[in-house]
4 protein chains.
Amino acid sequence: MPEQPGPGEGRRPGRRRSEVSREAILQAATDLVVDQGYAAASIEKIAQRAGVGKQTIYRWWPSKGDVLMEALARKADTFIPLPDEGSWSADLRRMLEDSFRLGQNPQIAELLRALMVEAQLDPGFGTSFRTEFLERRRTALATLVDRARSRGDLPPGLTADFAADVVFGVIWYRLLAVPGPFDADLADHLVNLLTRTSA
Amino acid sequence: MPEQPGPGEGRRPGRRRSEVSREAILQAATDLVVDQGYAAASIEKIAQRAGVGKQTIYRWWPSKGDVLMEALARKADTFIPLPDEGSWSADLRRMLEDSFRLGQNPQIAELLRALMVEAQLDPGFGTSFRTEFLERRRTALATLVDRARSRGDLPPGLTADFAADVVFGVIWYRLLAVPGPFDADLADHLVNLLTRTSA
Amino acid sequence: MPEQPGPGEGRRPGRRRSEVSREAILQAATDLVVDQGYAAASIEKIAQRAGVGKQTIYRWWPSKGDVLMEALARKADTFIPLPDEGSWSADLRRMLEDSFRLGQNPQIAELLRALMVEAQLDPGFGTSFRTEFLERRRTALATLVDRARSRGDLPPGLTADFAADVVFGVIWYRLLAVPGPFDADLADHLVNLLTRTSA
Amino acid sequence: MPEQPGPGEGRRPGRRRSEVSREAILQAATDLVVDQGYAAASIEKIAQRAGVGKQTIYRWWPSKGDVLMEALARKADTFIPLPDEGSWSADLRRMLEDSFRLGQNPQIAELLRALMVEAQLDPGFGTSFRTEFLERRRTALATLVDRARSRGDLPPGLTADFAADVVFGVIWYRLLAVPGPFDADLADHLVNLLTRTSA
DNA sequence: ACCTAACCGAGACGGTACGTCTTGTCTTGCC
DNA sequence: GGCAAGACAAGACGTACCGTCTCGGTTAGGT
């Protein structure tokens, strides 16, 4: 069954999208953001560095933010695995370690910063960034919280929303507001904070 | 001590800075950020709306971020009072309520978002934003933590740095990533989280 | 020498040129030039309006000018009949009337203007326009001049080249430089001018 | 009375127009048209070659045609002197020689071609080119015709309009349609043609 | 009452980027 | 192999801002 076009859809005529150009654009965007800062990553420069016409970018991505989002997906495996580690604290630690690993990578950290900036500058992209990226990570954490609640090892009074505010709040704050990498023991502190039972 | 020129400095001759223009610029910047979003707040538009020459902005502020910072200071009393409320939880609650009050004000919230964006776009301003704004708030919280430690009612294992990451992380994350106002009970949750003694 | 159906020419395999597309292209080019002006008549728009792929245009015509030239030939009978009217003045009048008839037709006039513009913009087409269009009309007039010289009723001192400069100069100048149709008595004036004997 | 601004007009504030840039733009436009042909003379290239921002061109000229018109005025003394040479034939010859002198200059000839092209491509400019350039030359010739009529040495039946059609028709036709310079004896032929009395 | 210095609004300057359009070429799958 | 469709690199379009640089005009000491 070799690549059969869906029923009723057919295969439109015309030249197919160039995978080479797509890759070049995402790599150029990443390089510019990482090497020269987000302010330098104009569509113009991305196209030039990628050896690509500007139209090829505008044809496939609705905004610069979406280019960056795909560039991030290309660099980082943004899929969040949620294996059951047996306890709330182990589940949480695993998720924190996965997240921090991304934040430690300078390229990914720069892309994340750029995405949050773009979300503020372009309200349209802001919405899709929230629903397609931020919200998904909140949902993943909510799954862990639900699992803990079933198990019965969730600290009383801890809601999924509040846990997400704390976990992702700390991560984004460190990315945006505090220069330098994450402290080594930040994950420990967060796990401790969110697993201690109240008196 | 009425406006005495320091020795060696003198009062130079020449026209004095126009307070009217200064006010108009800060107000125009605020209006644009609030009404049309940060992307619309160009120096060009600020000057035009304020009825001011562009040079007057460049003469008095090193970057657009600094204009916004002063615009914020004009809108919000950014001084953080630190009266001793008698306990770590009361001190913390007081600080959270002060901070949330700012975040509830849409004008101030927009300015804060704009400042964080500008800090990412302009590395020079980023540094001064961190040291002159973000760092001061961390220091204020650290004062409360120190006071609690002296009193002996600080939860064990809680450091000033980590408390700041959590408190300001949550606030900034809500500002930047979650649309809408702060939940009413967010402060409660945070106080609970950061004051519970471990088992 | 296989591959020989016709003598020396061969009928290559493959689909034959679509006469429908050819017609549609020429009509679309004419419509665009007439309705929206030459500046609007891009290859892109011609192809779109004709419901044709751009490649089909590039495959069959070496330049936009050649499309226009063929569009003109399709609209106007560009063959110049040269019946002997018995005298220089009658021959000349007949030719002028034939030429003016074309110039009166707004569609043809627009196409002619477009051709002259294209000849300036595209030097390659300029050459072929001159040799295949302008030069032929000069040659036709030269035939009349030769005939008059044989007859002996050519005004002394009038050369074929100069007569062509005057006749076609006036026509093109009116087309390009003077808005509106040709004066009714312009032909009379030209005939008078070019047939008067010197004192 | 040194340079007094007109009453009620004043001197607007702000930096004054840069004469250096104006000159550079006109020269760059001329160079491009002459060296690389009109098709290469984009606003973009003119600005780049002149070392000037594009806005500086758009600020001062309503269209590319107007730039070319001023570039022509800078190269050629477009003022048409009309001294009384004593006879229609001498007046006419003088005007033809003035006009041909311009046409002999390759730079001016290229600019004239470009102007006529632009007049066809840009209807707005076409109107101003006709009224501000072409019409003025017709008027100048009409002055000579009037003078001849007063003197009584105008060939009967020759109107100013028709004389203009012939004179400028030949000139423009040679510029646009016939490559190479003007024939040396073209002026002679024209003078002869337009001064012979009818039988 | 001058003089000099610094500020002010206005606005032109050389640049860079925007998002769109067109050019001529290069694939596609269908006919 | 022609054809409609349409992606591609290139580059011009006219506009918006950037940060700088004049302008004429206004305040302010200092003389």
Side-chain angles (χ1 to χ4, degrees), chain A residues 5 10-18 20-22 24 39-48 50-60 63-64, chain B residues 5 10-18 20-21 40-48 50-60 63-64, chain C residues 12-18 20-21 39-48 50-60 63-64, chain D residues 5 10-18 20-22 24 39-48 50-60 63-64:
Chain A
R11 253 290 292 120
R12 283 173 312 143
R15 185 173 176 175
R16 280 209 268 289
R17 177 173 188 179
S18 161
V20 172
S21 293
R22 182 180 154 277
S42 59
I43 297 264
E44 198 102 18
K45 283 220 192 95
I46 293 172
Q48 195 172 346
V52 139
K54 282 197 286 177
Q55 198 58 253
T56 301
I57 299 179
Y58 287 109
R59 191 180 293 122
W60 297 110
S63 77
K64 194 164 65 172
Chain B
R11 258 295 292 116
R12 287 159 307 148
R15 186 172 176 174
R16 282 215 234 2
R17 177 173 186 180
S18 160
V20 171
S21 293
S42 59
I43 296 262
E44 199 97 19
K45 283 217 191 103
I46 292 171
Q48 194 170 356
V52 138
K54 282 198 290 176
Q55 196 60 253
T56 303
I57 299 179
Y58 287 110
R59 191 180 296 122
W60 296 110
S63 78
K64 194 164 64 170
Chain C
R12 286 160 305 150
R15 188 170 172 177
R16 280 211 224 34
R17 177 173 187 181
S18 159
V20 173
S21 292
S42 59
I43 297 260
E44 198 97 20
K45 284 215 191 105
I46 292 172
Q48 194 170 354
V52 138
K54 282 197 292 176
Q55 196 58 251
T56 303
I57 300 179
Y58 287 110
R59 190 179 295 121
W60 297 109
S63 78
K64 194 163 66 170
Chain D
R11 254 288 294 120
R12 281 174 310 140
R15 186 173 175 174
R16 280 210 268 290
R17 178 173 185 178
S18 160
V20 172
S21 294
R22 183 182 153 275
S42 59
I43 297 261
E44 197 103 17
K45 282 220 192 96
I46 294 172
Q48 195 172 346
V52 140
K54 280 198 287 177
Q55 198 59 251
T56 302
I57 299 178
Y58 287 110
R59 192 179 293 123
W60 296 110
S63 78
K64 193 163 65 171

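Here is the naming used below: chain letters follow the sequence lines, and residue numbers restart at 1 for every chain.
- Summarising the geometry, the separation between OH on D/Tyr58 and P on E/dG11 is reported as 22 Å, rounded to the nearest angstrom.
- As a whole-Å value, the separation of A/Arg16 CZ from E/dT27 P is 12 Å.
- Distance check: C/Lys54 NZ to C/Thr56 OG1 gives 11.5 Å after rounding to the nearest 0.5 Å.
- When all heavy atoms of B/Ser18 and B/Ser21 are compared, the pair lying nearest together is OG-N, 3.0 Å.
- We find that CD of A/Gln55 is positioned 17 Å from P of E/dG24, with the value rounded to whole Å.
- For the pair D/Arg12 CZ and E/dC8 P, the interatomic distance rounds to 23 Å; values are reported in whole Å.
- Side chains of A/Trp60 and A/Arg17 form a contact here, defined as non-hydrogen atoms less than 4.5 Å apart.
- Heavy-atom nearest nucleotides on DNA chain F were determined for A/Ser21 and for D/Lys45, and the one closer to the 5' end corresponds to A/Ser21.
- Here the nucleotide nearest the side chain of C/Arg15, chosen from E/dT25, E/dC31, F/dC13, is E/dC31.
- Mapping A/Glu44 and D/Ser18 onto DNA chain E by nearest heavy atom places D/Ser18 closer to the 5' end of the strand.
- Rounded to an integer number of Å, the gap from CD of C/Gln48 to C1' of E/dC21 is 12 Å.
- Of the candidates F/dC18, E/dT22, E/dA17, the closest approach to any side-chain atom of D/Lys54 belongs to E/dA17.
- Checking B/Gly53 against D/Val52, the closest nucleotide of DNA chain E that is more toward the 5' end is the one next to B/Gly53.
- In this structure, D/Arg17 does not reach the F/dT22 phosphate: none of its side-chain N or O atoms is under 4.0 Å from OP1 or OP2.
- Within the 4.0 Å cut-off from OP1 or OP2 of F/dG6, not a single side-chain nitrogen or oxygen of A/Trp60 is found.
- An OP1 or OP2 oxygen of E/dC13 is reached within less than 4.0 angstrom by a side-chain nitrogen or oxygen of D/Arg59.
- Nearest heavy-atom pair, C/Gly53 versus C/Ala47, reported as atom, atom and distance to 0.1 Å: C-CB, 4.3 Å.
- OP1 or OP2 of E/dG14 has at least one side-chain nitrogen or oxygen of D/Thr56 nearer than 4.0 Å.
- Distance, A/Ile57 CD1 to E/dA17 P: 13 Å, rounded to whole Å.
- With rounding to whole Å, D/Arg22 atom CZ is found 14 Å from E/dG14 atom P.
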